[in-house]
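Heavy-atom basis, side chains included; hydrogens, waters and symmetry copies ignored.
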Amino acid sequence: MSTLFERFLDPDNRADPYGLFAELRREPVCRQEDGTYVVGTHAEIDRLLHDPRISSDDLPDPQHFRWTGHPITDLLVRPVRAEIRKRHRPFIFRDPPDHEALRGRVMRAFSVERVRGMRAKTERLTHDLIDKLAGKARIDLVDAFSYPLPVTVICHLLGVPPEDEPRFHGWATQLATALEPNQRGDEETQIKNEETFAEIADYLQDLVKAKRREPADDILSDLAAGDDAERMNDYDLIATAVLLLVAGHETTVNLITNGMLTLLRFPEHLERLRREPEIAPRLIEELLRYEPPVQYRTRLALADIPLAGTTIPEGAPVVLLIASGNRDPARFADPERFDPDRRDNRHLGFGGGLHYCVGAPLARIEAEIALVALSRRLREPRLLADPPPYRPGASLRGPSALPLAIAGIAAA
């Protein structure tokens, strides 16, 4: 018999997992048959997000590749590369003090000024993409808009050439499986992830070399610059670049798509956004609570942790079910209602504590610009499939396509 969390991971429940969350919250800390502890209530998730006894370094050790028959490759090159990947993981999978050092360096490059400076370009990109929909009666919002907008923005910020953008979709889709606990132990998936990481790392290594020869006004140039004392080593730099490139668009794709899906299900809010674009910031915060693009994060207990009448033992895997905490009736009044006017909306949509999302300001700007423009320029949009098809992963949850019928495109 499947546990509640296994049922949540089942793709058949991807379209509407929220009933399962209500069952999971009956026990704030719920032990699964495999020894994983699932935490689904807001107060307990928030507590663990700030608890130093919880580690983010929970990825399994890299596996050796299949034997190729080449002794130097099989016995030296690939094991060494696996050890390097283990020691230099992206900083969301690192603990203090490494995490603070790497995150601080990224925050200086990913500055508020640089993000705010992207607003005008994001607006232009948004309207250019919508202009291309003119004359069409049916569109897939993901393919035509929700995916190309954030991937173009993050590539511009990082300094990735626009012509290389199409290469990242397959890489990002594969690497996202590393967030799924039911796929981490699968040998074929792990091998494919390591091969994919090697491909994207090789690409970024060449790009970093080019940035050092000819620096530009972009994040990769900033991270690659500096003296030996301040500059990231190349292994951490590549891991960080992979993280920013993948996480910098995957979650925002979901935020925009989940947002438009929600607004089409509640057309009174879509109409209000069209008439009152100033409500967009509050509406985005409610979307982050109601349909967060990241549904959960995994952790590892570094010590015995007493919590809500249960003790999570040292060494146990922990799942922080963010989307469940965001609909916890003990924290939010009428949590199943989408309410952009909700007060005291301290959601967990961007996580919390040391690992609060670095890209949160950028995601908010992109989603605000995108949803306001869509609400004002798409004429009579309606869903052609509800629920739409969903991506396979449970962690980064969002539709793989959002087919819409439209009556036309209004002028900008």
Side-chain angles (χ1 to χ4, degrees), residues 90 103 105-133 141-173 175-176 199-226 232 237-257 259 284 293 350 357-374 396 412:
R103 181 186 175 95
R105 187 70 184 86
V106 169
M107 292 295 288
R108 289 195 293 276
F110 212 99
S111 65
V112 173
E113 292 77 15
R114 177 169 269 148
V115 171
R116 286 176 179 168
M118 281 300 297
R119 179 175 283 276
K121 182 174 180 63
T122 302
E123 288 176 343
R124 289 195 301 272
L125 288 169
T126 294
H127 289 290
D128 287 348
L129 288 168
I130 295 175
D131 287 342
K132 292 177 182 178
L133 305 178
L141 193 74
V142 174
D143 184 62
F145 184 86
S146 302
Y147 179 79
L149 177 64
V151 77
T152 302
V153 168
I154 195 62
C155 284
H156 179 82
L157 275 170
L158 288 175
V160 172
E163 60 270 20
D164 291 344
E165 291 172 11
R167 306 175 66 178
F168 302 123
H169 189 47
W171 285 340
T173 299
L175 291 176
E199 289 177 18
I200 193 171
D202 287 344
Y203 167 82
L204 288 168
Q205 182 71 64
D206 290 340
L207 186 58
V208 166
K209 289 178 181 177
K211 298 292 181 185
R212 285 186 174 140
R213 288 194 302 269
E214 297 183 38
D217 182 16
D218 57 56
I219 290 175
L220 276 184
S221 292
D222 283 2
L223 294 177
M232 280 187 188
L237 175 55
I238 296 305
T240 298
V242 172
L243 172 65
L244 294 176
L245 189 59
V246 174
H249 76 272
E250 284 287 300
T251 52
T252 310
V253 172
N254 286 347
L255 179 56
I256 294 170
T257 310
I284 299 302
F350 285 128
C357 178
V358 168
L362 178 63
R364 285 183 167 110
I365 287 173
E366 289 181 87
E368 178 182 334
I369 291 170
L371 292 177
V372 168
L374 290 170
L396 303 181

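Between Ile219 and Ala109 the shortest heavy-atom distance is CG1-O, 3.8 Å. Closest of all the heavy-atom pairs between Ile256 and Glu366 is CD1-O, 4.5 Å. Across every non-hydrogen atom of Ala412 and His127, the tightest pair is CB-ND1, 3.8 Å. Residue Glu123 comes nearest to Ile369 through the heavy atom pair CG-CD1, 3.6 Å, listed as atom of the first residue, atom of the second, then distance. Contact detail for Asp218 and Leu158: the closest heavy-atom pair is OD1-O, 3.3 Å. The minimum heavy-atom distance linking Phe110 with Leu157 is given by the pair CZ-CD1, 4.5 Å.
Rounding to the nearest 0.5 Å gives a distance of 4.5 Å between OG1 of Thr126 and CG of Leu149. Taken to the nearest 0.5 Å, the CE atom of Met118 stands 8.5 Å off from the CZ atom of Arg124. Residue Asn254 holds its CG atom at 10.0 Å from NE2 of His249, rounded to the nearest 0.5 Å. Atom CD of residue Glu165 and atom CD1 of residue Ile154 lie 11.0 Å apart, to the nearest 0.5 angstrom. Here the straight-line distance linking atom CG of Leu204 with atom OG1 of Thr240 works out to 10.5 Å at 0.5 Å rounding.
Using a distance-only test at 3.5 Å, with no hydrogens or angles considered, no donor-acceptor pair links the side chain of Lys121 to the main chain of His156. A donor-acceptor contact shorter than 3.5 Å is absent between the side chain of Ser221 and the backbone of Pro215. Using a distance-only test at 3.5 Å, with no hydrogens or angles considered, no donor-acceptor pair links the side chain of Arg119 to the main chain of Ile365.
The closest side-chain heavy-atom distance from Thr252 to Pro293 is not below 4.5 Å. A heavy-atom distance below 4.5 Å is not found between the side chains of Lys132 and Phe145. Under the 4.5 Å side-chain criterion, counting only non-hydrogen atoms from C-beta, Leu141 is in contact with Leu374. In this structure, the side chains of Leu245 and Cys155 come closer than 4.5 Å at one or more pairs of heavy atoms. Residues Lys211 and Leu207 form a side-chain contact, since some pair of their non-hydrogen atoms from C-beta on lies under 4.5 Å apart. Side-chain contact between Arg108 and Asp222 is absent, with no heavy atoms from C-beta onward closer than 4.5 Å.
Atom CZ of Arg212 has more than 12 neighbouring heavy atoms from other residues, nucleotides or ligands inside a 6.0 Å radius. For Glu163, the CD atom counts as densely surrounded, since its 6.0 Å shell holds more than 12 non-hydrogen atoms of other residues, nucleotides or ligands.
Relative orientation of the Trp171 and Tyr203 rings is tilted, given thresholds of 30° and 60° on the angle between their planes.
Under the side chain to side chain donor-acceptor pair (under 3.5 Å) criterion, Thr257 pairs with Ser146, not counting sequence neighbours.
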**Report entry** Residue pair Arg114, Asp217: steps toward the salt bridge (charged side-chain N to carboxylate O under 4.0 Å, His left out) verdict
**Finding:** CA-CA 10 Å; Arg114 177 169 269 148; Asp217 182 16; 2.8 Å; yes
